[in-house]
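The next block holds one structure in the form of structure tokens; read it before the comments.
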Amino acid sequence: MQDFLKNFSLEGKIAWVTGASYGLGLAYAVAFAESGARVVFNDINQELVDKGMAEYKKLGIDAFGAVCDVTKEDQVQNFVADVEKNVGTIDILVNNAGIIKRIPMIDMTVDQWQQVIDVDLTGPFICSKAVLPAMIKKGSGKIINACSMMSEFGRETVSAYAAAKGGLKMLTRNICSEYGQFNIQCNAIGPGYIATPQTAPLREKQPDGSMHPFDRFIRSKTPAQRWGKTEDLMGLAVFLASPASDFINGQVVYIDGGISAYIGQDPSNLDPSKFQDVD
Ligand code: NAP
Ligand code: GCO
């Protein structure tokens with residue numbers, strides 16, 4: 001049985017998590033490090049890279065970090081070359097970096113639309129394209145994309161984000177189709193609503209101290225009546241990055257507390273005193 005558990009180890013692997021100075025990316029990177037991998041990460045500016053490096057050092061993780069904008073192919077190619085020279089060949093890529101703009105579609109400018117598409121969909125294309133040749137040469141590789149509830153559902157004000165995340169689901173399937181023959185698996189994590197800086201505006205208390213209406217709404221749609229924690233996603237990330245998932249390819253694995261399986265209840269029926277995650 002002990003030999004079986006080795007299938008979940010990332011010992012000796014090099015894992016690149018994009019946009020991993022904080023939030024879900026940091027959680028994935030910590031999980032990989034604790035599972036034996038060497039972590040490399042990028043973020044959009046030096047301040048964030050320094051912030052991430054300090055956090056990894058505090059956790060005893062010897063991470064390699066550098067500035068790299070995932071929308072710029074030259075920066076991505078240089079980042080991958082730097083990692084190859086200073087650390088080694090990337091075995092695992094998590095396309096985590098992402099942005100969202102919550103603007104009604106008729107008010108959204110084409111530039112705002114394009115910014116979201118560039119980071120959330122073109123970025124994963126550019127980063128995957130940069131690591132695939134070495135994975136093919138090595139005869140193995142793992143690519144994990146950051147999909148979303150919006151890979152399946154629409155919602156007001158997030159047209160660009162939903163289009164990107166829906167496209168990312170199909171990019172996941174296409175990388176699987178094109179490179180599965182080289183023992184490369186490309187899957188996606190589909191988080192529900194997770195408490196990170198990206199969703200902080202949806203959880204802010206109202207001026208009168210009451211819950212944000214969206215907070216109450218999401219809890220009424222989640223059987224556990226709570227937001228996800230970044231820790232909730234670490235196990236799935238390690239599983240999809242490990243040999244234990246070698247025969248899973250092209251899949252989006254939803255980790256959403258049951259939102260996608262539940263029609264929901266009247267938000268006014270919720271009893272905040274029973275919430276598991278509110279002080
Ligand atoms: P987050 O808190 O906004 O963190 C995203 C990270 O990506 C930030 O460090 C961000 O830097 C970085 N980034 C943005 N643009 C970049 C670029 N061009 N190049 C490199 N790095 C860039 O997001 P999160 O909540 O941790 O989510 C991480 C991923 O999971 C995203 O793709 C998100 O869409 C997805 N997701 C999140 C949830 C959720 O509920 N939180 C649910 C489903 C899916 P800046 O600080 O400069 O923006
Ligand atoms: C929103 C949220 C969501 C989450 C996540 C859900 O505005 O609806 O930001 O999009 O970030 O993608 O899975």
Side-chain angles (χ1 to χ4, degrees), residues 16-30 41-53 55 65-73 75-76 79 93-104 114-127 144-169 171-172 188-204 212-215 217-218 221-222 226-234 236-237 252-260:
W16 173 24
V17 185
T18 67
S21 295
Y22 61 88
L24 293 178
L26 177 72
Y28 299 146
V30 169
F41 77 101
N42 67 295
D43 220 307
I44 192 78
N45 59 49
Q46 193 58 51
E47 183 187 354
L48 278 173
V49 169
D50 293 345
K51 172 184 172 181
M53 287 297 282
E55 189 62 31
V67 175
C68 171
D69 179 344
V70 298
T71 68
K72 304 287 188 296
E73 187 164 37
Q75 292 187 28
V76 170
F79 177 87
L93 165 64
V94 180
N95 285 307
N96 168 76
I99 61 172
I100 191 168
K101 292 186 185 298
R102 300 181 180 99
I103 304 166
Q114 198 60 54
Q115 286 174 43
V116 177
I117 298 294
D118 285 352
V119 178
D120 294 8
L121 181 56
T122 308
F125 164 76
I126 290 172
C127 295
I144 301 168
N145 292 321
C147 279
S148 156
M149 288 290 100
M150 272 68 228
S151 298
E152 300 295 342
F153 305 105
R155 130 165 154 74
E156 302 83 356
T157 77
V158 294
S159 58
Y161 184 84
K165 294 301 186 178
L168 188 56
K169 174 172 71 172
L171 179 62
T172 300
I189 293 177
Y193 281 82
I194 315 300
T196 72
Q198 191 245 49
T199 57
L202 305 173
R203 290 176 279 113
E204 276 170 6
H212 191 297
F214 194 87
D215 183 359
F217 168 69
I218 282 302
K221 297 281 284 179
T222 308
R226 71 172 175 88
W227 287 72
K229 308 186 294 284
T230 55
E231 296 82 354
D232 288 321
L233 280 62
M234 293 167 81
L236 176 59
V252 180
V253 183
Y254 288 100
I255 182 163
D256 62 9
I259 286 182
S260 51

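Order of listing sets the numbers, starting from 1, for every ligand and every atom in it. Everything numeric in this text was worked out from a predicted model, so none of it was measured. For the single chain, residues carry numbers from 1 onward in sequence order.
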| request: Take I117 and T122 through the test side chain to side chain contact (heavy atoms under 4.5 Å, CB included) and record every step on the way to the result. | output: CA-CA 6 Å; I117 298 294; T122 308; 4.2 Å; yes
| What are the atoms of ligand 1, with element, lying closer than 4.0 Å to any heavy atom of T199? | 39 (C), 40 (O), 41 (N)
| query | Which atoms of ligand 2 have any heavy atom of S148 under 4.0 Å away? | reply | 5 (C), 6 (C), 12 (O), 13 (O)
| said: Just to check, does T18 reach to within less than 4.0 Å of ligand 1 when the distance is taken from its heavy atoms? | reply: no
| said: Checking contacts here: is it the side chain or the backbone of I100 that comes within 4.0 Å of ligand 2, counting heavy atoms only? Could be both or neither. | reply: side chain
| task | Give the single entry among V94, I194, N95, N96 that approaches atom 32 (O) of ligand 1 most closely by any heavy atom. | result | N96
| request: Name the closest protein heavy atom to atom 8 (O) of ligand 2, giving the residue it belongs to and the distance to 0.1 Å. | output: R155 NE, 2.6 Å
| message | With a 4.0 Å cut-off on heavy atoms, is C147 in contact with ligand 1? | response | yes
| request: Below 4.0 angstrom from a heavy atom of G23, which ligand 1 atoms are there? Numbered from 1 as shown, please. | output: 26 (O)
| From OG1 (T71) to CD1 (I44), nearest 0.5 Å | 6.0 Å
| request: Identify the two heavy atoms, one from L171 and one from F125, that lie closest to each other, and give their separation to 0.1 Å. | output: CD2-N, 3.9 Å
| request: Would you mind reporting whether I194 and D232 have side-chain heavy atoms less than 4.5 Å apart? | output: no
| field | Identity of the nearest option to atom 36 (N) of ligand 1, non-hydrogen atoms only, from Y193, Y161, Y22 | value | Y161
| note | Any heavy atom of S21 under 4.0 Å from ligand 1? The part involved is neither
| said: Taking 4.0 angstrom as the limit and counting only heavy atoms of R102, give me the atoms of ligand 2 inside it, by number and element. | reply: 1 (C), 2 (C), 7 (O), 9 (O)
| said: If the cut-off is 4.0 Å to any non-hydrogen atom of A146, which atoms of ligand 1 fall inside it? | reply: 30 (O), 32 (O)
| Which of the numbered atoms in ligand 1 are below 4.0 angstrom from a heavy atom of D43? | 9 (O), 10 (C), 11 (O), 12 (C), 21 (N)
| Mode of T230 contact toward ligand 1 - side chain, backbone, both, neither (heavy atoms, under 4.0 Å) | neither
| request: Examine the proximity of ligand 1 to D69 and report which part, side chain or backbone, both or neither, has a heavy atom under 4.0 Å away. | output: both
| task | Can you spot which of L93, T18, L168 makes a side-chain contact (heavy atoms from CB on, under 4.5 Å) with P124? | result | L168
| query | Could a heavy atom of G192 be found less than 4.0 Å from some atom of ligand 1? | reply | yes
| task | Mark up the atoms of ligand 2 that fall under 4.0 Å of a heavy atom belonging to P191, in ascending order. | result | 13 (O)
| query | Is there at least one pair of N or O atoms, one from T199 and one from ligand 2, spaced under 3.5 Å apart? | reply | no
| query | Got T196 and Y22 here, is their nearest side-chain heavy-atom distance under 4.5 Å? | reply | no
| I99 contact mode with ligand 1 (heavy-atom cut-off under 4.0 Å) | side chain
| said: Under a 4.0 angstrom heavy-atom cut-off, which atoms of ligand 1 come close to G19? | reply: 6 (C), 7 (O), 9 (O), 12 (C), 21 (N)
| message | For atom 10 (O) of ligand 2, what is the closest protein heavy atom, and at what distance to 0.1 Å? | response | Y161 CE2, 3.3 Å
| task | Have a look at ligand 1 and work out which part of C68, if any, has a heavy atom under 4.0 Å from it: side chain, backbone, both or neither. | result | backbone
| request: Find all atoms of ligand 1 within a distance of less than 4.0 Å from any non-hydrogen atom belonging to N42, and give their numbers and elements. | output: 20 (C)
| said: Which option wins on minimum heavy-atom distance to atom 26 (O) of ligand 1: L202, V17, L24? | reply: L24
| message | If you measure every N or O of V158 against every N or O of ligand 2, does any of those distances drop under 3.5 Å? | response | no
| field | ligand 2 versus L202: contacting region, heavy-atom distance under 4.0 Å | value | side chain
| said: Side chain, backbone, both or neither: which applies to K165 and ligand 1 if a contact is any heavy-atom pair less than 4.0 Å apart? | reply: side chain
| Residue part near ligand 1, for L48, under 4.0 Å between non-hydrogen atoms | side chain
| remark: min-distance protein heavy atom vs atom 2 (C) of ligand 2 -> Y193 CE2, 3.4 Å
| task | Could you tell me whether some N/O pair between D120 and ligand 1 is separated by less than 3.5 angstrom? | result | no
| request: Fit a plane to each ring of Y193 and W227, take the angle between them on a 0 to 90° scale, and name the class: parallel (under 30°), tilted (30 to 60°) or perpendicular (over 60°). | output: perpendicular
| message | How far is atom 19 (N) of ligand 1 from the closest protein heavy atom, and which atom is that? | response | V70 N, 3.1 Å
